[in-house]
2 protein chains.
Amino acid sequence: MTTGSSPSGTDSPTAPSESRRARRHDATRAEILDAAWQIVRRDGLTGLSLRDLAAQVGMRAPSLYSYFGSKHEIYDAMFRQGYQQMLLGSPELPEDTTEETLVAFAHEAALRFFDFCVAEPARHQLLFLRTIPGFEPSPESYRVAVEAYDRTVGGLRRFPQVSDADLDLWTAALTGMVSQQLANDPGGTRWRDQVPRVVEMLLAETLGTSQP
Amino acid sequence: MTTGSSPSGTDSPTAPSESRRARRHDATRAEILDAAWQIVRRDGLTGLSLRDLAAQVGMRAPSLYSYFGSKHEIYDAMFRQGYQQMLLGSPELPEDTTEETLVAFAHEAALRFFDFCVAEPARHQLLFLRTIPGFEPSPESYRVAVEAYDRTVGGLRRFPQVSDADLDLWTAALTGMVSQQLANDPGGTRWRDQVPRVVEMLLAETLGTSQP
DNA sequence: CGGAAATCCTAACGCTGTTCGGGCCTGGTG
DNA sequence: CACCAGGCCCGAACAGCGTTAGGATTTCCG
């Protein structure tokens, strides 16, 4: 429609059906996901119903099954999108492993991760809390999640001063701060203000135990 | 049944119906709650259905409404019970505020709290994660929750060395450790083993900032 | 142009929490 | 003791949920 009719010279013969129809399909899929995020932001993660979602894009509920195999598949696509957004906002991986670089990277990564989580509570709930009864991310989506994790908190693993046990402490402390912030002071900064302090504390512990 | 028939001399005339009928009612309520805990342990917190629960106690679903106004009222009663169990296992509140007492109390309270949480994941989910869509504890149940909290982690507030900001760190770190343990190593001790280390770290931070 | 595939619909299934109405049975009272 | 109000329990049903079946309609490709 937009670019008119194109001859069959641009698409390769091995994948001829990768045009027109498939493009429209993907566009509708994206439109459904956008509507889903909108509903989820308004009504909460579990407030999403297929009839509402279908109505939002001018359909009835069964038509959604042309684009997603189930409601959980929609959640799975949103899960993957969420971690891709996290990947986008992740800090640059450090080049050297000096202590100054470690300190700077730790502060940067921690605060970015914290802000990413509290920016959208519904997304945080989907990505980090297992709150949807039967939902478990697909292997492909889980792969994206691991990659995003490695780029942020997991980036500390590049430093030989940081052990795996240390990393467990970092993730537990940071996710704990986020959960408390969202549960007890949503929209505020009561826990966020203490993130630098927590990072300093964790750095002292991490560096203190590795080279006494 | 157990003590035979009692004359009308023991109950006051202002509350005459506080026997027999009401006692049976409370007993059935307790039986329903016990069955609910059993189902929840087996099928998860959200796996509880009123028809299943009713069948477990030899009833049909509508009969449950003679004992609880709604499913959320059942969750609320379980919520209160859960925090009463937490209250039962809480450590003795310290008498003095010396540093040795603080250190000992912190280690004791932290480990007890951790073990209490991981002992029953469904209970932890009900008490600490807000995972049931429309559920919010009633004011009376919330009162019990606050009391239980004050007896454990909140007991640190008795020490003048511990500020409110410090307390936020304690709760965030501990609940974070618990969540990581349950999510990534259920039944294991990967995070539990680090609880003493976290306590020492928090103690160092708390004591270090209050009296430099 | 013909046929296949994708899309969208209505209807319906089984499940959920919840309400209604009516039987039954029992405890307190005249 | 007889009575009857009230608590208890149940079958039926309602609205909502995710999901499926089957039939139209549209759209694209050979």
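So you know, we letter chains A, B, ... as the sequences are listed, proteins then strands, and number each from 1. In what follows, every heavy atom counts, from backbone to side chain, and hydrogens, waters and symmetry copies are set aside.
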Visitor: What stem regions, each of at least 3 consecutive Watson-Crick or G-U pairs below 3.5 Å, can be found for DNA chain D?
Guide: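 C:1-30 with D:1-30 - these are the stems of 3 or more pairs that involve DNA chain D.
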Visitor: When the distance from CZ of B:F135 to P of C:dG17 is rounded to whole Å, what number comes out?
Guide: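 That distance rounds to 15 Å.
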Visitor: Using a cutoff of under 3.5 Å, can you pull out all pairs of nitrogen or oxygen atoms linking the protein to nucleotides 1-7 of chain C, with atom names and distances?
Guide:
from: C:dA6; atom 1: O4'; to: A:R21; atom 2: NH2; distance (Å): 2.9
from: C:dT7; atom 1: OP1; to: A:H25; atom 2: ND1; distance (Å): 2.9
from: C:dT7; atom 1: OP2; to: A:H25; atom 2: ND1; distance (Å): 3.3

Visitor: Is the phosphate of D:dT19 approached by A:Y65 (side-chain N or O, under 4.0 Å from OP1 or OP2)?
Guide: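 Yes, because at least one side-chain N or O of A:Y65 sits under 4.0 Å from OP1 or OP2 of D:dT19.
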Visitor: In residues 68-77 of chain B, which residues come under 4.0 Å of DNA chain C by heavy atom?
Guide: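 Here the set is B:S70, B:K71.
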Visitor: Using 30° and 60° as the class boundaries, would you call the ring planes of B:F128 and B:Y83 parallel, tilted or perpendicular?
Guide: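 Plane angle over 60°, so perpendicular.
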Visitor: Quick one: which residue pairs count as a salt bridge (charged side-chain N to carboxylate O under 4.0 Å, His left out) with a foot in residues 111-127 of chain A, not counting sequence neighbours?
Guide: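 Qualifying pairs, neighbours excluded: A:R41-A:E120, A:E108-A:R112, A:D115-A:R192.
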Visitor: Assert yes or no for the condition that the ring centre distance of A:Y75 to A:F79 is strictly below 6.0 Å.
Guide: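 Between A:Y75 and A:F79, the centre distance exceeds or equals 6.0 Å.
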Visitor: Which donor-acceptor pairs under 3.5 Å do side chains of residues 54-71 of chain B form with protein atoms, sequence neighbours excluded?
Guide:
from: B:S70; atom 1: OG; to: B:H72; atom 2: N; distance (Å): 3.4
from: B:S70; atom 1: OG; to: B:E73; atom 2: N; distance (Å): 3.3
from: B:K71; atom 1: NZ; to: B:L48; atom 2: O; distance (Å): 2.6

Visitor: Work out which heavy atom in B:V153 is nearest to a heavy atom in B:L174; give both atom names and the distance.
Guide: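 Looking at all heavy atoms of both residues, the closest pair is CG2-CD1, 4.2 Å.
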Visitor: Let's see if you get this right: which residues in residues 35-53 of chain B place a heavy atom under 4.0 Å from DNA chain C?
Guide: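 B:L48, B:S49, B:L50, B:R51 - these, ordered by number, are the residues of the stretch whose heavy atoms sit under 4.0 Å from the strand.
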Visitor: From the set C:dG17, C:dC9, D:dG11, return the single nucleotide nearest to any side-chain atom of A:R60.
Guide: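 Out of C:dG17, C:dC9, D:dG11, the nucleotide with an atom closest to A:R60's side chain is C:dC9.
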Visitor: Look at A:D166 together with B:R197 and state whether they make a salt bridge at an N to O cut-off of under 4.0 Å.
Guide: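 Yes.
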